Amino acid sequence: MRAMAARIRFYRSAGTPFGSEYSVTADGSRIAVLGRHFQSSRTATMTVKKVRIAIAVAGLLFVAPFAAQAADMPQPAYKAPPVYIAPFTWTGFYVGVNGGYMRGTSQWTGGAGDFSVSPNGWMIGGTLGYNIQTGNWVWGVEGDIDYANLKGTTNGCSSCTTKQTWLSTVRGRIGWAFDRWMPYITGGGAFGNAYVSTAGGSVDRTKGGWTAGGGLEWAFADRWSAKAEYLYVDLGSASCGYATCILPADATVSFKANLVRAGVNYRF
């Protein structure tokens, strides 16, 4: 660093060169004060005060370049703390709507002979469920009820008809979550009506059975998800008495169906 110097001259009064003159130098490692008296009558006390002032001025001259360099140094860039984003979870209650297509097989045996009817049609309804996620596993229970327009007729026995107008399921679900994608298997109870009719009469029974299947659900938003699933439904069978359906003997009619549907759910 280049040495710096300051010269300080002290006067007793304006126009009267009475006092001392000092040269103060600072080279980064030492401070030197060199002086001479204009007039020897200055007191020792005044001389000491002048020396102190000179030393103080020299100190300021020595420190000033370092302060200027510190001000010119680049400041570290400020980095904002990372924003925490909670991982997605399937846990919680949800409600939704669903709709799809059903194709069934209804086997008639007994009074009118042995033959099958293939009812088919569409369905639409609502869904209610709950999931809990542990690691990648998702455990849930789901219920739904749908209006169905399932109907099949054959002319083999005086217009024998099989029809279903509603279907409900209560099922457990087990899924494996890949973040927002979840394939699952499902199974449980199924309930619906079994409507059987001939040209002579009809019966309408509420039947219970079982269902099983699987599907895939995708959470396309934080609270919304879409799903596609397949279910096999077996509601057992219903009887149509010979007196009611005007048949030579009682007829037993089975109800089985395959359904494919899609749905949209909203999670709370």
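Keep in mind the model is a prediction, meaning the values are calculated, not measured.
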Ignoring hydrogens and geometry, is there a side-chain-to-backbone donor-acceptor pair from [X] to [Y] under 3.5 Å?
| X | Y | result |
| --- | --- | --- |
| Thr186 | Gly172 | yes |
| Arg267 | Ala219 | no |
| Asp234 | Gly209 | no |

Checklist entry - Checking side-chain contact (heavy atoms from CB on, under 4.5 Å) for the pair Thr154/Cys160: CA distance, chi angles, key distance, verdict? => result CA-CA 6 Å; Thr154 180; Cys160 293; 4.1 Å; yes
Check this for me, if you would: do [X] and [Y] make a salt bridge, where the nitrogen-to-carboxylate-oxygen distance has to be below 4.0 angstrom?
| X | Y | value |
| --- | --- | --- |
| Arg261 | Asp146 | yes |
| Arg171 | Asp144 | yes |
| Glu229 | Arg173 | no |
| Glu217 | Arg180 | no |

Let me check something: do [X] and [Y] share a hydrophobic cluster, defined by ILVMFWY side-chain heavy atoms less than 4.5 Å apart, either directly or through other members?
| X | Y | value |
| --- | --- | --- |
| Ile124 | Leu128 | no |
| Phe255 | Val117 | yes |
| Ile185 | Tyr130 | yes |
| Phe220 | Val95 | yes |
| Tyr230 | Leu216 | no |

Checklist entry - Do Phe191 and Trp166 have ring centroids that are under 6.0 Å from one another? => result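 Centroid distance Trp166-Phe191: not below 6.0 Å, so no.
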Checklist entry - Among Trp224, Tyr184, Trp181, whose ring-ring contact (aromatic ring centres under 6.0 Å, His included) with Trp218 holds? => result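 Exactly one option meets the ring-ring contact (aromatic ring centres under 6.0 Å, His included) with Trp218, and it is Trp181.
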Point-to-point distance, once rounded to the nearest 0.5 Å, from [atom1] of [X] to [atom2] of [Y]:
| X | Y | atom1 | atom2 | answer |
| --- | --- | --- | --- | --- |
| Gln107 | Thr252 | CD | OG1 | 11.0 Å |
| Arg205 | Tyr195 | CZ | OH | 12.0 Å |
| Trp90 | Asp179 | CH2 | CG | 9.0 Å |
| Ser202 | Lys163 | OG | NZ | 8.5 Å |

Between [Y] and [X], is there a side-chain donor-acceptor contact under 3.5 Å, judged purely by atom types and distance?
| X | Y | result |
| --- | --- | --- |
| Thr161 | Thr153 | yes |
| Asn131 | Thr91 | no |
| Asn98 | Thr127 | yes |
| Ser106 | Thr162 | yes |
| Trp108 | Ser116 | no |

Item to check | Check against ring-ring contact (aromatic ring centres under 6.0 Å, His included), Phe268 and Phe93 | outcome: CA-CA 6 Å; Phe268 296 96; Phe93 286 96; 7.8 Å; no
Is the closest side-chain heavy-atom distance between [X] and [Y] below 4.5 Å?
| X | Y | answer |
| --- | --- | --- |
| Pro183 | Phe178 | yes |
| Tyr94 | Glu142 | yes |
| Tyr101 | Val260 | no |
| Val253 | Ser237 | no |
| Leu259 | Met123 | yes |
| Lys227 | Asn265 | yes |
| Pro119 | Gln164 | no |
| Arg103 | Ser118 | yes |

Item to check | Nearest heavy-atom neighbours spanning Gln133 and Ala177 | outcome: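 Closest pair (atom of Gln133, atom of Ala177, distance): NE2-CB, 3.8 Å.
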Next on the checklist: Would Thr165 and Asn193 count as a side-chain hydrogen bond (donor to acceptor under 3.5 Å, both in side chains) here? Give the steps.
Outcome noted: CA-CA 7 Å; Thr165 58; Asn193 73 314; 2.9 Å; yes
Item to check | ring-ring contact (aromatic ring centres under 6.0 Å, His included) assessment of Tyr147 paired with Trp122 | outcome: CA-CA 9 Å; Tyr147 170 78; Trp122 54 270; 5.7 Å; yes
Next on the checklist: Please determine whether side-chain contact (heavy atoms from CB on, under 4.5 Å) holds for the pair Ser225 and Tyr266, giving the CA-CA distance in whole Å, both sets of side-chain angles, and the decisive distance to 0.1 Å.
Outcome noted: CA-CA 7 Å; Ser225 64; Tyr266 176 82; over 6 Å; no
